[in-house]
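Working notes for the structure below.
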Amino acid sequence: MTATVNLSLSPLLSTPQQPQSNRSTTTDLIKSCKNLNEIKQLHARFTKQGFNQDPGFLGKLIAKCSEIGSYDSLKYAQTAFDNFCYSEEGLNNTYKFNSLIKGYSLAGLFSDAVLIYARMVLENVEPDGYTFPLVLSACAKDGRFFEGSEIQGLALKWGFGDDVYVLNSLIHLYSECGEVDKARKVFDKMPDRNLVSWTCLICGYARREKAEEAVRLFFEMVEEEGIMPNSVTMVCVISACGKLGGLGLAERVCGYIGKAGLKVNTVMVNALVDMYMKCGSVVKAKRLFEECVDRNLVLYNTILSNYVRHGMVTEALDVLGEMLSCGGPRPDRVTLLSAISASTEMADVFLGKQCHAYILRNGLENWDSIGNAIIDMYMKCGCQEWACRVFHRMSNKTVVSWNSLIAGFLRNGDVEAACRTFNEMPENDIVSWNTIIGGLVQQSMFEDAIHLFRVMQNEGIKADRVTMVSVASACGYLGANDIAKWIYNYIEKYEIHLDMQLSTALIDMFARCGDPPSAMKLFNKMKERDVSAWTAAIGAMAMEGNGKRAVELFYEMLREGVEPDKVVFVAVLTACSHGGLVGEGMEIFRTMKEIRGISPQIVHYGCIVDMLGRAGLLKEAIDIIKNMPMKPNDAVWGAFLAACKMHKNDGMATYAADMISESSPDKAGIHVLLSNIYASGGKWTDVAKVRMSMKERGIKKNPGSSSIEVNGTVHEFTSGDESHPEQTSICLMLEEMKCRVREAGHVPDLTNVMIDVDEQEKEFLLYRHSEKIAMAFGLISTSQGHPIRIVKNLRMCSDCHSFAKLVSKVYERHIIVRDNNRFHFFQRGLCSCGDYW
DNA sequence: GGAAGGCGTA
């Protein structure tokens with residue numbers, strides 16, 4: 001026997017217990033045992049004293065053995081149980097069986113708990129009102145829906161059909177098994193309900209992605225029924241608020257902690273910290289965490305996992321360090337899961353390997369979630385082979401393991417391996433679909449993503465919020481208006497919860513599909529709006545060219561107390577730029593630094609240069625570039641060069657070109673702009689130089705392409721494309737358009753052709769631009785009155801722009817073109833951008 | 001002696 005054991009058993013050794021001593025003492029003693037040896041000693045001692053006939057004691061003993069969790073301790077518990085059960089005292093005693101069911105449940109061995117009940121039935125031991133809640137709870141925690149329903153039938157038979165405890169357990173069972181509608185039916189039919197009934201159902205909704213219903217039910221309980229919550233109810237409803245993500249609602253709910261006079265315990269602190277984190281109020285969460293005096297492991301894990309989720313890895317590592325220092329709780333597998341995720345987030349394979357080693361040293365690897373997180377970590381760190389090795393060695397591969405592998409392949413751009421794995425996996429779930437669809441979106445394979453979403457529907461798999469966020473984003477990039485409407489209808493039809501993220505994705509989708517009214521309708525319907533939602537709305541206005549409204553929205557957001565971030569400044573500055581609102585833009589740029597304390601990043605300087613440049617203030621723009629605290633990148637130069645070209649200022653362009661040549665950027669766009677500037681000035685030798693340098697360094701020009709959606713199918717055309725099945729008709733249509741537009745006064749703007757060829761050839765090339773081909777296809781494949789919607793990957797050229805204006809007039813069609821930074825609505829020979837773009 | 005609660009991979 002070791003010294004530790006002696007120490008912890010000392011109270012028992014010094015003061016022998018009497019059999020009649022109260023039960024809480026025996027419970028305390030069994031609870032204080034640290035290993036199997038101590039349990040055995042205590043058991044032997046009590047047996048000698050005749051005290052082991054207390055089934056409560058045996059229940060606790062089993063629970064303790066299971067908590068220790070070793071093979072030997074579990075075997076010991078089983079033997080103790082068997083010996084007890086078949087001894088004279090153990091037979092035909094309902095109370096004893098009930099205690100054992102509870103013991104196994106406490107130990108988390110729910111199937112064993114259910115087996116004890118089965119044994120009761122076999123041995124004709126009559127269950128009582130206590131038995132059913134216990135065993136139903138065990139079924140609930142083990143997800144045993146069918147056994148649970150059967151046991152419910154038996155409870156009815158034994159006359160406990162109206163028992164509030166039994167019915168509450170039933171609500172819990174159904175909720176846990178994902179049958180919250182059935183739980184609701186039980187709740188509605190109950191003759192008497194108590195607080196636990198309400199709490200069970202609220203919790204059921206909160207866990208089944210129906211957080212909104214959970215909160216609604218909570219208010220029904222407190223406001224209509226006048227029932228005050230207890231701490232358990234509060235924990236459930238607070239966690240629901242965290243899932244909804246709205247701080248205002250959460251604060252209203254939290255008011256009931258005070259109204260009910262509840263003391264905030266550690267579990268509630270934890271729920272609050274988690275909720276504040278998920279609602280984006282990191283400061284409040286952090287303060288609560290720091291003020292909590294008895295932080296336990298779960299609380300540490302909560303703050304840690306949320307820091308990781310928010311990408312706040314420095315803070316995460318601080319918390320981890322605090323835990324590992326003396327006095328902190330010992331990290332468990334949940335902690336390590338976050339630690340691995342932090343390594344993943346930082347792509348720090350060194351830290352990841354340290355975590356992996358800790359996991360192996362502490363025997364935590366048998367939890368499949370850990371294995372999956374490790375796969376994910378190695379994948380993110382680019383160690384695909386390590387990830388595959390961990391995967392192949394896993395003995396308990398689950399659908400999540402397969403999903404992690406697929407996500408990893410996609411992240412590393414290996415779409416083929418991802419699809420192969422997806423097809424090979426034994427069974428897939430909604431996340432498999434979400435992973436592959438989301439991955440395709442990440443890889444900019446938007447059409448494939450939409451296609452796969454259709455396949456998913458054909459296989460009868462219902463999409464969820466996550467699927468819809470990806471699909472909405474894909475649809476937005478494609479600018480496919482019909483698909484956008486279909487997506488929105490799908491969400492309404494299947495009642496997919498419109499949380500902040502999905503609403504924001506939909507606003508963005510409608511905006512990109514040239515439907516700002518739908519975007520704003522959705523935005524106005526939102527009950528809570530975070531900074532991303534406002535950014536989407538401001539972006540919608542920017543894309544429409546309504547800079548004024550975008551700026552108004554920005555100030556409205558500030559008035560509502562939403563803290564602006566870097567991204568929303570980009571959106572509003574872009575809006576100012578496209579709307580020609582130089583004064584407003586400069587003012588916002590100034591407040592950003594001076595009032596909001598956000599130091600402008602290169603992207604913001606890019607916006608300002610773009611804004612000044614578009615407005616023809618080239619000197620001011622170059623001053624900004626010269627005085628920026630960082631080195632200008634290709635986006636900044638790109639904006640400046642585009643402005644030089646727009647305002648035909650060759651002097652500035654050449655000046656900039658010299659500065660750019662020195663820094664030799666790698667981005668194709670800059671080289672193309674440079675060569676265009678030289679070309680429009682007729683400096684063909686310089687054009688050739690730029691082209692040579694691009695070729696030498698392997699920089700490829702991003703080819704222009706336009707896509708158009710017809711009847712839910714997206715057709716893509718590159719410039720000079722002849723691959724479409726309806727090529728002949730497209731060609732004929734283009735010829736017709738050319739003639740009719742020319743009659744209407746169109747003069748081809750040959751400065752848009754950047755190749756040194758004769759004028760006839762230039763004109764030929766000009767009529768092969770992808771947006772013109774897409775327009776022709778649009779005219780032949782859609783009926784009169786139907787708008788033609790085109791998405792262009794680059795900026796629209798000025799010739800195509802004036803061409804589109806005349807097409808809209810001659811053919812009496814609305815033409816909507818989204819280029820890489822805004823929308824152009826062509827109508828009756830005019831464009832919504834007022835030729836300012 | 002009975003029912004309800006917090007953290008967790010893709």
Side-chain angles (χ1 to χ4, degrees), chain A residues 23 54-56 59 94-103 105 127-137 140 160 163-173 175-176 194-204 206-207 229-239 242 265-275 277 296-306 308-309 332-338 340-341 344 367-377 379-380 398-408 410-411 428-436 438-439 466:
Chain A
R23 206 170 279 137
D54 171 11
T94 306
Y95 174 43
K96 290 172 187 178
F97 273 94
N98 289 349
S99 296
L100 293 169
I101 295 174
K102 187 167 186 192
S105 287
D128 63 10
Y130 293 96
T131 312
F132 292 109
L134 281 168
V135 69
L136 283 172
S137 159
F160 300 107
D163 184 284
V164 69
Y165 280 89
V166 172
L167 292 174
N168 287 348
S169 307
L170 201 62
I171 293 174
H172 181 55
L173 171 82
S175 303
E176 288 289 291
N194 61 14
L195 178 58
V196 177
S197 324
W198 287 89
T199 306
C200 285
L201 194 58
I202 290 171
C203 177
R207 287 194 183 162
N230 65 12
S231 59
V232 181
T233 325
M234 285 315 299
V235 167
C236 297
V237 72
I238 290 168
S239 118
N265 62 18
T266 318
V267 181
M268 219 198 285
V269 171
N270 185 67
L272 286 166
V273 168
D274 193 48
M275 178 274 289
M277 277 289 202
N296 61 15
L297 180 60
V298 176
L299 186 53
Y300 271 101
N301 285 344
T302 298
I303 197 127
L304 183 61
S305 64
N306 276 296
V308 174
R309 184 174 307 140
D332 70 347
R333 52 195 201 167
V334 180
T335 323
L336 263 296
L337 204 52
S338 291
I340 286 275
S341 301
T344 312
W367 189 33
D368 48 8
S369 305
I370 282 273
N372 301 333
I374 294 173
I375 293 175
D376 192 39
M377 183 270 296
M379 278 291 195
K380 181 87 181 278
T398 62
V399 64
V400 184
S401 323
W402 289 88
N403 290 345
S404 307
L405 204 65
I406 294 172
L410 285 165
R411 197 183 285 140
N428 54 37
D429 64 1
I430 179 74
V431 183
S432 320
W433 288 95
N434 288 349
T435 305
I436 200 140
V466 181

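Chain identifiers are assigned alphabetically (A, B, ...) following the order of the sequence lines, protein sequences preceding nucleic acid strands; residue numbering begins at 1 within each chain. Values reported hereafter were calculated over all heavy atoms of this structure, with side chains retained and with hydrogens, waters and symmetry mates removed.
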Residue set satisfying side chain to side chain donor-acceptor pair (under 3.5 Å) with A:Ser432, at least two apart, ordered chain then number -> A:Asn403, A:Asp429
(request) Describe the nucleic acid contact of A:Ala407 in one word from base, sugar-phosphate, nothing, applying a heavy-atom distance below 4.0 Å. (result) sugar-phosphate
Taking any heavy-atom pair under 4.0 Å as a contact, classify A:Asp376: base, sugar-phosphate, or nothing.
sugar-phosphate
- Query: Under 4.0 Å between a side-chain N/O of A:His172 and OP1 or OP2 of B:dA4, yes or no?
  - Reply: yes
Base, sugar-phosphate, or nothing for A:Thr302, non-hydrogen atoms under 4.0 angstrom? sugar-phosphate
Distance below 4.0 Å between A:Ser338 side-chain N/O and B:dC7 OP1 or OP2: no
Could you give me the CA-CA distance, side-chain angles and deciding distance for A:Asp376 and A:Ser404, then say whether side-chain hydrogen bond (donor to acceptor under 3.5 Å, both in side chains) is met? CA-CA 6 Å; A:Asp376 192 39; A:Ser404 307; 5.8 Å; no
Out of B:dA3, B:dT9, B:dG6, minimum distance to the side chain of A:Asn270 belongs to B:dG6
For A:Asn265, answer base if it contacts any base atom (sugar-phosphate contacts may also be present), sugar-phosphate if it contacts only those atoms, and nothing otherwise; contact means non-hydrogen atoms under 4.0 Å.
base
B:dA3 base to A:Asp163 side chain: any donor-acceptor pair below 3.5 Å? no
* Assign A:Asp332 to base, sugar-phosphate, or nothing according to its heavy-atom contacts below 4.0 angstrom with the strands shown. => nothing
Discussion item. With a 4.0 Å limit, can you tell me whether A:Arg309 has a side-chain N or O closer than that to the phosphate oxygens OP1/OP2 of B:dA10?
Written reply: no
Closest of B:dA10, B:dG1, B:dG5 to the A:Cys236 side chain is B:dG5
Regarding the side chain of A:Arg333, the nearest nucleotide among B:dA3, B:dG8, B:dC7 is B:dG8
In A:Asn265, A:Val269, A:Asn270, the residue satisfying side-chain contact (heavy atoms from CB on, under 4.5 Å) with A:Val267 is A:Asn265
For A:Thr266, report the nucleic acid contact type (base, sugar-phosphate, nothing); a contact means any heavy atom under 4.0 Å.
-> base
Check: Less than 5.5 Å between centroids and less than 30° between ring planes, does A:Tyr165 satisfy that with B:dG2?
Finding: yes
| query | Under 4.0 Å between a side-chain N or O of A:Ser305 and OP1 or OP2 of B:dG8? | reply | yes
**Message:** Heavy atoms only, 4.0 Å cut-off, all strands: where does A:Trp198 land among base, sugar-phosphate and nothing?
**Reply:** nothing
*Going by atom types alone, do A:Asp128 and A:Thr94 pair a side-chain donor with an acceptor below 3.5 Å?*
no
A:Leu299 CG to B:dG8 P, in whole Å, measures 12 Å
Whole-Å distance, A:Leu337 CG to B:dA10 P, equals 8 Å
Taken to the nearest whole Å, CH2/A:Trp367 to P/B:dT9 is 8 Å
Testing B:dG6, B:dA3, B:dG2 for proximity to the side chain of A:Val196, the answer is B:dA3
Here the distance between atom P of B:dG2 and atom CG of A:Leu167, to the nearest Å, is 18 Å
Of the candidates B:dA3, B:dG5, B:dC7, the side chain of A:Val334 sits closest to B:dC7
Item to check | Full working for side-chain hydrogen bond (donor to acceptor under 3.5 Å, both in side chains) between A:Asn168 and A:Ser197 | outcome: CA-CA 5 Å; A:Asn168 287 348; A:Ser197 324; 2.7 Å; yes
Sugar-phosphate, base or nothing in reach of A:Ser231, heavy atoms under 4.0 Å | base
From OH of A:Tyr130 across to C1' of B:dG2 the rounded distance in Å is 7 Å
task = Determine the contact category for A:Asp128: base if any of its heavy atoms lies under 4.0 Å from a base atom, sugar-phosphate if only primed atoms, P, OP1 or OP2 are that close, otherwise nothing.
result = base
- Answer with base, sugar-phosphate or nothing: what part of the nucleic acid does A:Ser169 contact at a heavy-atom distance below 4.0 Å? sugar-phosphate
By salt bridge (Lys or Arg N to Asp or Glu O under 4.0 Å), A:Arg333 pairs with (sequence neighbours left out) none
message = Any base atoms under 4.0 Å from A:Asn434, or only sugar-phosphate, or nothing? Heavy atoms, all strands.
response = nothing
From CD1 of A:Ile340 across to C1' of B:dT9 the rounded distance in Å is 10 Å
From CG of A:Leu134 across to P of B:dG1 the rounded distance in Å is 13 Å
- Donor-acceptor side-chain pairing of A:Ser369 and A:Asn372 below 3.5 angstrom: no
Rounded to whole Å, CG of A:Asn306 lies from P of B:dG8 at a distance of 7 Å
Mind checking if A:Thr199 touches a base, just sugar-phosphate, or nothing, with heavy atoms under 4.0 Å? base
Among the nucleotides B:dC7, B:dT9, B:dA4, whichever has the atom closest to the side chain of A:Asn230 is B:dA4
